[in-house]
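The structure follows.
Values below: every heavy atom of this structure, side chains too, minus hydrogens, waters and symmetry copies. Numbered from 1 within each chain, the chains take letters A, B, ... in sequence-line order.
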Amino acid sequence: MAEHQQGSDGADGHAALPALSPLRQPLVTAPRTLAAITDDIVGPMNRRPTWKWGAAFAVAVSLLLIGVGNVTYEILTGIGTWGLNRTVGWAFDITNFVFWVGIGHAGTLISAILFLFRQKWRTSINRSAEAMTLFAVMCAGVFPLIHMGRPWLAYFVFPYPNTRGSLWVNFRSPLLWDVFAISTYFTVSAVFWYVGLIPDLATVRDRATGLKRRVFGWMSFGWTGSARVWSRYETLYMLLAGLATPLVLSVHTIVSMDFATSVIPGWHTTIFPPYFVAGAVFSGFAMVLTLMIVARKVMGFEHLITLRHLENMAKIIIVTGGIVGLAYGTEFFVAWYSGSAYERFTFINRATGPFAWAYWTMVSCNVISPQLLWFKRLRTSPAALFVLSLVINVGMWFERFVIIVTSLHRDFLPSSWGSYAPTRVEVCTMLGSFGLFFTLFLLFVRVLPAISIGEVKAVLGFARAAGAGHGAPAPARQEAAE
Amino acid sequence: MSKPKDPSAPAAPSLSSRRWWQTLDEVDGAPAACGDEFPDGPPLTIGMRAPATETRRDFFKLMGLSATAAMAACRRAPEQKILPFTTKPDELIPGVASWYATACGGCDAHCGLLVKTRDGRPIKVEGNPAHPVSRGAVCAVGQASLLGLYDGDRSRAPRLAGQTDSWTHVDEKVRAGLVAAREAGKAIRVVVPWGIGRTEQAALSRLAADYGDVEVVRFDTMGEREAMADAYQALTGTRLLPEFRLDDADVIVGVAADFLGTWLAPGPLARQYAAARDADVRGRMARHVQLESTLTITGAAADARHALSPSQIVPALAALVRALMDGATGPAVALARRALGVLPTSQTPSFVEALARELRAAGPRGVVLCGGDDRRAQTLAALANALLGNHETAAILATPAFTLPETTRATLHAELREGRVGALLFAGVNPLLSDPELAAALDRVPLTVSTADRLDETAVRCGIHAPEGHAMEAWLDHAPRTGVETMGQPTVAPLFDTRPRLASWLAWQEQGQGKGRGQDAFGFLQARWQREHLADAGLALQDHWDNIVREGYFVAAPADAQPIPLTADGERLAAWLAATPATPASALELVLHESVGLRDGTHANNGWLQELPDPITKLTWGNVAALAPSRARDLGLSDGDVVELATSAGKVRLPVLAQPGVAPNVVAVAVGHGRAAARAGAIAGGHGADAFPLASGQAAGARFAGVAVSLTATGTQQPLALSQTHGSQEGRELVREVALGQALAATGEALPGHGKARNGEATPAAPKERHGNGLWAEHPYPGHRWGLAVDLAKCTGCAACVVSCNAENNIPIVGELEVRRRREMHWLRIDRYYAGTADDPEVVHQPMMCQHCENAPCETVCPVLATVHSGEGLNQQIYNRCVGTRYCANNCPTKVRRFNWFDYPHGDPVQRMVLNPDVVVRSRGVMEKCSMCVQRIEEARAQANREARPLADGDIRTACQQSCPTQAITFGDLNDPASAASRLRESGRAYHILEELNVKSQIAYLARVKNRGEHG
Amino acid sequence: MSGMTRWLFVLLVTSLAAAGCRVGTQQGHAPEQPIAFSHALHAGLYELDCQYCHAGAERSRHAGVPSGSVCLNCHSRVKTDSPEIQRLTSLVSANQPVPWIKVHRLPDFAFFSHASHVSAGLACQGCHGPVEQMVRVAQQESMTMGWCLSCHRDLREAKPAAPLPLATLVAARLPEAAHLPTRQLQPPTDCSACHR
Amino acid sequence: MRRLMAVFEEADQVVEAARQARGAGYAIADAFVPFAVHGLDEAMGLRRSRLTWVCFVAALTGGTLAMSFQLWTSVSSWPLNVGGKPFASVPAFLPVTFELTVLTAALVSAATFFARSRLFPGKRAAPLPRVTDDRFVLVVETDAPAAEALMRQAGAVEVTAVAEGGA
């Protein structure tokens, strides 16, 4: 019976859907049984890793090791091993920090905001997007720590009772806000991610045997799929999504305040929070895109992560890219309009000074290149999207570099004007962070269900409720049952 | 690149609104400048760290880096021992500083010093304010001479034929050699520095008495004093040096004389100069016109400056003398006429007429200061002064007569060539550095002795090296001015097995017959003083003596020296002048000059001076071939291009620097750099190039200025260790200037374009709750509120304050590579900006230290409260709390915060002794900056408390303030309206830097004043 | 657990540990000294004034440990048979310092001045405990920054009048000293008072 | 008392079955499903979870604590003049307050959920076969044959009677 149903459904499902809602591509173009979906997602975890995965993992790990080596050297020798100087006190370190925090944004944003807006298409990508968030925040977190002159005293930034009469911390410092923002963001995202993972862990448990079963049994908290728990679970998930959404916005707002609250021309500006958030979403989605396009190829998820997912993300990139472009323009206008000679100089210097090359790289990557996405052919071509997403990530990295370095290297007193050039250690440290990120991500797609089984099944339900939309699926059932 | 701000601004008499030209060669972005080379660990430096910090830091590292730290944290810190004296000297209390008045050994000026010693080691040099000549002024070199004391590369024992040996052997050998010379009827020559004291002269006359044909040659590397003395000999018959007193001058004309930086006695001269130009006190301001070939800080300070090549100096002076002759009387007129007769005349430079007019108007209050070793120029300058009649006034006086039989360097060369010299003794001087010809002749002298403090270029060629140690280790007196003697007392026992020069002279007397033999140096010196000064004193000898030693100087009546009578015969003068070598004009003329830091190279091994940015070029750790920007452009050279300079004498490779203010056909090179590590010391080695080989070979006459030189590009590049690479103010009102008229008019109320330095307060000193332009009530400062006032009208950029700050605050030396990476650690820097045109620039200096802003941007952003505001308005930096995020430095508008990029290691236990025990030595990874010498504030407060009295204005003097030769810096309590600092902030010239940011700087700057004279 | 989480964990543990067991505190530290000198005997029984031996206390940052010669002022005659004294004598005659072990230690970034505190009329025991009862000196107080601060804060509140320093009185020749103003103690609480 | 355990293959069937079973007055013990089946909770007549209130209270407490701790440290415990700012720089304290609000809210809600649902790491679970994969199970508090018929009619592929506590 099951076979028959599947057959028929499969047939008219494919035929019917376009007719029913011509505007809608199917969310999931999978063979239509729940078991099949479980197989598709859990399957890769049981198969031996493909050579592609192995190669990717090898590269990632070696990058990670390079990074670890250089960071160790830096911590043992001194920040002097970086190219910084008395004028430019931050460069690669904080650039990478902001870059990774930015990457870390799309994850929770996709999950939370799209969940709240009931955007069903999120289901195939939210799991890995959230994982990406966690790993990116880890990478980000490393930089504030190693950029300290005395990282072994980093615990000073926590307000713990001490013997210094109690000397607390400076709650007025944006850096301290960062400490709280980043750790909160990491914790909440982790909880959100793990809560979403539990039912799927149970699924894996119930198909596994031996040690694996015990491990996943431990990890899945004894989940039985009870409907009572499910309904409570839905509430919790909704709450977490509701909490995560403003959190996502607050984190990059606070990161932007590292600059906005300072006096340095080019930093001291009020448009930074929205500007940074947009930028973060922009870069975040680009990174999700990069990862998804790779993942669906390598893990064979083409039918779960469909062109429609890619296209939707491309659209969001156009929008956020536009916002970022607008911000660039606004900065210049305000610099001129403010009448502050320092502001004006800073921005003229940005576009024409020693670091003009970085500025124009940024503009062409972030403002010009996304305009190609107005063409549907490009929006729906994974190859093109892949290239574009990489370009955008390069551009967003340069955005942070431009903001930090060009503002610092020529500020108020011309006597102190200087320059900056990275050293090998800094470059290797940055590579290391990419190594860390991809190592974690590749492990993730191997050992955990990279796509939310439960949610995809739920969506499948709607997909199968041919045409009747989200409403009561019952009538559709009868038809199908005939 | 930004364009100059608003070229069409009206030419109001304020620098801010004058048109600014773009920086010359923007080094920014050039790979050479931003040094992308991979820093391999900490640079080789002699930065200083106390030994104890090591264990503690490792302890913390361990703590932070692993979870086992929890345990580690509870461990007891390693044990420390206390090793008391076995018998404590009575005068010494551990932890309490004692001060000794003594004389500076930095140069021939021998200014009066107060040396601070802690637990037996000198840790700071300050000026002796009571000293009648130096009046508390100490230059950068004097400040740094402290580090010279702890120079581990000094000789640690005497040497015989290169091998270390005992003093007794050395003395025997020297005495034998001297006797041999006498027996052989050969001459014995002693090469001594200028300005050796009376006692030393007495000691040398003992030698003369013992060994017959003993004559001394007074030597100064650049030959300036020599040339001057020759000129005065021609004019007066005696080889005297004029002593200038500028306090009362109305017109000061400097001719190739960097008298604020390197010439004769820069410290005292700068003090007098400041007095002469202090419009607030005098009601008028001496006008200063400078004629020079390369830009010096003296030229930078001048009201008008004319760039002349060396060959144009004599014609200009001749024209000036001619112009001064009409209306003048006295013997000078006739002499001048004769002199001008024999000198080649050229067309009069345009500015001379006006200059002569000003000088004539000033009469005896006009002074011409002439530098360089061109005897013709020196003679003309002397004549000009004579025509002004200031030989009879206090403007120029003769320095004390020299009592020893004397000969000149030229004669010595001749004698050496003829092989008439049986013994040649070098009293610490190092002629072979600059005089290769002498080196050649040296081998033929049986006995050669050097008392240099290290195995320098001369000592290494001498058979015997009898190291004299450091000035702070010896009793020695000096006579800076007739009637004034400075007492130099030792402040520490000799660190090494060295012996003061005076002792050596005495030890080398012929033994075994009659009086005064074997007398020790101190006894000899004291005996002389008792004979000459104390005999007639009413006081008990001992009291009087103690008094002199305590005060550090002695003024004998008459305090004033004799005027200089011109007694020369015109014929002989004319003949001599005609015979002196002229400075020929050439396509490209070389100027070798001393630099403010290293001077003639004597201090090449001094890290503080090597890392001291040159006040004008801002170059550290080396020298350059400075060209006029237009010339460099024509030659297609940009900063850092290495060129080869070739003169008839030799070749040198140097990087080019396009230096505004250098005369168009001049290449200017600082001497004293590029000495070999084996000769000068490890620190000097490998930085810059030795320019002396370029000096013309001739024994006398102009050797260092006006040498014809050729320049060829090598095509290679060498990054320059510049501490400042951008010369324009970009039209920002950082350094402000007012004209003299305005400055005098402004009594109290603000000048146009000058916010009164009040941070928008009702009164500057209202301790109650103050509302500024801020959003919230400001924090009250009920007690004291410390602040500085910096008078840019007085600051000459001489950088004495910078070195003083280094010494006081244990600031590490980071080395050339790190400076190239722009990581010098100076808490106090001097910003230098240009105005005007590239070839005729105006220069402004601005000492820049932590502004101790009330609304300090750095404090708000520190996550761990490592920098917060004190109840007395200080911006405190707590090193042990700092985790090193560098956010504060980024957010500092004046970029005065310095970060410890590495542990600046300090291998040398000798050098470590210079550390100030009242200031912590910062570890790697922490931020540091100017503390307004908070240790001095606390010291003074504790003192006042113990004496149960309130702190008085002047109790506290910051390191930079104390030794400032021009007293440009004033520290004080801003809550006390009567304090000097508060009063200065009330001046109409006062303003704050970046006031528009409302950071409320506690440092007030007083706008620069220029006396533009008849056309200004 | 990796990256940030690991670091956070380490830091948390460390900081708690640091807070818990009071880093660097040496309270109760009582090392064995090279010579068994008893403060109980000298300061307690014989009531020698502290500053007879620790002469720097009123004038210098460092109270100072007496030079061997000071001990011998008495012990050249007193109790010369004791082996301890003989060890001392031999050290002094060999011109060797006595290698005392430091008991009260402040880190080298904290500047403490005995002069300021003694001349403010504070009793030595306030910080050093009842030394006159200690046979072997032990660190009585925690000597942490918080401990210093609490006293400074309290005194700032209390504003007690301080007697004039002995040195001042002597300088002022006692009769006039009566007319000298008395001082209010205002111990600083600024960081730079101790950290420079 | 015994229970009926009906196994379905489709989500809609279990919803339908639940609705009818309640309509027929049978008490529904619980359902076991592989994903959050839309409408099942209404069908089973489950009350809305009160987790939202827990979350709200937690947020309030967290926020209040955060702000008051910052005020205490910077105003009363050790007031320090930082960049001339007032001791109580309330605006500057908002970011940390907000972050801690969210943090406590999230952690407390999650913790409450796990506690209430008795889920914890390592808990031994005896899940019904395939309910985490592709089977939907409805457990009814009865063993009446009518109920069984109803289940079958609603599309149950298998109906078994189990002892108390069987699921």
Q. A/Pro199, A/Ala181, A/Pro159, A/Ser231: which one forms the most heavy-atom pairs within less than 4.5 Å of chain D?
A. A/Ala181
Q: Please determine, among D/Pro95, D/Ala59, D/Ala106, the option with the most heavy-atom pairs under 4.5 Å with chain A.
A: D/Pro95
Anything under 3.5 Å between a donor and an acceptor, one on a side chain of residues 79-91 of chain D, the other on a protein residue two or more places apart or in another chain? List them.
residue : atom : partner  : partner atom : Å
D/Asn81 : OD1  : D/Gly84  : N            : 2.9
D/Asn81 : ND2  : B/Tyr781 : OH           : 3.2
D/Ser89 : OG   : A/Arg172 : NE           : 2.8
D/Ser89 : OG   : D/Pro86  : O            : 2.6

Q. Under a 4.5 Å heavy-atom cut-off, does chain D meet the side chain of A/Thr203, its backbone, both or neither?
A. both
Q) Hey, what do you get for CG (D/Leu150) to CG (D/Leu4), rounding to the nearest 0.5 Å? A) 10.0 Å
Q.
Using heavy-atom distances under 4.5 Å, tell me whether D/Leu40 contacts chain A through its side chain, its backbone, both, or neither.
A. side chain
(Q) Walk me through whether D/Val159 and D/Met5 qualify under side-chain contact (heavy atoms from CB on, under 4.5 Å). (A) CA-CA 6 Å; D/Val159 179; D/Met5 193 167 74; over 6 Å; no
(Q) How about CZ on A/Arg213, more than 12 heavy atoms from neighbouring residues, nucleotides or ligands closer than 6.0 Å, or not? (A) yes
Q) Where does A/Tyr233 contact chain D at under 4.5 Å (heavy atoms): side chain, backbone, both or neither? A) both
**Q.** Region of D/Phe56 in contact with chain A, defined by heavy-atom distances below 4.5 Å
**A.** neither
Q) Which answer fits D/Ala111, side chain, backbone, both or neither, if we ask what part of it has an atom under 4.5 Å from a heavy atom of chain A? A) neither
Q) Per the ring-ring contact (aromatic ring centres under 6.0 Å, His included) rule, which among A/Trp193, A/Phe115, A/Tyr194 passes with A/Tyr237? A) A/Phe115
Q) Should A/Ile254 and D/Phe98 be marked as a side-chain contact (heavy atoms from CB on, under 4.5 Å) after you check the CA-CA gap, both sets of side-chain angles, and the distance that decides it? A) CA-CA 11 Å; A/Ile254 286 176; D/Phe98 173 80; 5.8 Å; no
Q) Once the angle between the rings of D/Phe93 and A/Phe171 is folded into 0 to 90°, is it parallel (under 30°), tilted (30 to 60°) or perpendicular (over 60°)? A) perpendicular
Q.
Looking at chain D, which one of A/Asp200, A/Leu243, A/Val195, A/Ile453 has the largest number of heavy-atom pairs inside 4.5 Å, strictly under?
A. A/Leu243
Q | Largest heavy-atom contact set with chain D, pairs under 4.5 Å, which of A/Val251, A/Leu247, A/Val188, A/Val215 | A | A/Leu247
Q: Give the member of D/Val14, D/Val137, D/Val37, D/Val96 that has the highest number of heavy-atom pairs under 4.5 Å with chain A.
A: D/Val96
(Q) For chain A, which candidate among D/Gly155, D/Ala18, D/Ser117 shows the most heavy-atom pairs at distances under 4.5 Å? (A) D/Ser117
Q) What option among A/Thr235, A/Val229, A/Thr224, A/Leu236 has the most heavy-atom pairs under 4.5 Å with chain D? A) A/Leu236
Q: Identify which part of A/Pro174 has an atom lying under 4.5 Å from any heavy atom of chain D, answering side chain, backbone, both or neither.
A: neither
Q) Top residue by heavy-atom pair count (under 4.5 Å) with chain D, among A/Asn170, A/Ile198, A/Leu239, A/Thr187? A) A/Leu239
Q) Hey, what do you get for CD (D/Glu99) to CG (A/Asp178), rounding to the nearest 0.5 Å? A) 9.5 Å
Q) Using a distance-only test with no angle check, is there a side-chain donor-acceptor pair under 3.5 angstrom linking A/Glu130 and A/Thr108? A) no
Q | Which atoms of D/Arg116 approach chain A - backbone, side chain, both or neither, heavy atom under 4.5 Å | A | both
Q: Starting at OG1 of D/Thr112, measure out to CZ of A/Arg232 and round the result to the nearest 0.5 Å.
A: 11.0 Å
Q) When you look at A/Tyr185 and A/His105, which way does the ring-ring contact (aromatic ring centres under 6.0 Å, His included) test go after all the steps? A) CA-CA 10 Å; A/Tyr185 184 52; A/His105 265 59; 5.5 Å; yes
Q. If you tally heavy-atom pairs under 4.5 Å against chain A, which of D/Asp30, D/Val15, D/Leu100 wins?
A. D/Asp30
**Q.** Toward chain A, the part of D/Leu138 with a non-hydrogen atom under 4.5 Å
**A.** neither
Q | Heavy-atom proximity to chain A below 4.5 Å, by part of D/Ala11 | A | neither
Q | Top contributor to chain A contacts, counting heavy-atom pairs under 4.5 Å, from D/Val102, D/Asp41, D/Thr73, D/Leu51 | A | D/Thr73
Q. Mind checking whether D/Phe120 and D/Phe114 have ring centres under 6.0 Å apart?
A. no
(Q) Is A/Trp230 in contact with chain D via its backbone, its side chain, both, or neither, using a 4.5 Å heavy-atom distance? (A) side chain
Q.
The test is side-chain contact (heavy atoms from CB on, under 4.5 Å); show your working for D/Val108 and D/Cys55 and say whether it passes.
A. CA-CA 7 Å; D/Val108 171; D/Cys55 177; over 6 Å; no
Q: Give a yes-or-no answer on whether the side chains of A/Trp168 and D/Ser74 include a donor-acceptor pair shorter than 3.5 Å.
A: no
Q | Top contributor to chain A contacts, counting heavy-atom pairs under 4.5 Å, from D/Arg48, D/Lys123, D/Arg135 | A | D/Lys123
Q. Can a donor-acceptor pair be found between the side chains of D/Gln20 and D/Glu16 at a distance below 3.5 Å?
A. yes
Q: Count the heavy atoms of every other residue, nucleotide or ligand shown that sit under 6.0 Å from CH2 of A/Trp218, and state whether that count exceeds 12.
A: no
Q. Using a heavy-atom distance cut-off of less than 4.5 Å, which residues of residues 60-71 of chain D contact chain A?
A. D/Phe69, D/Gln70
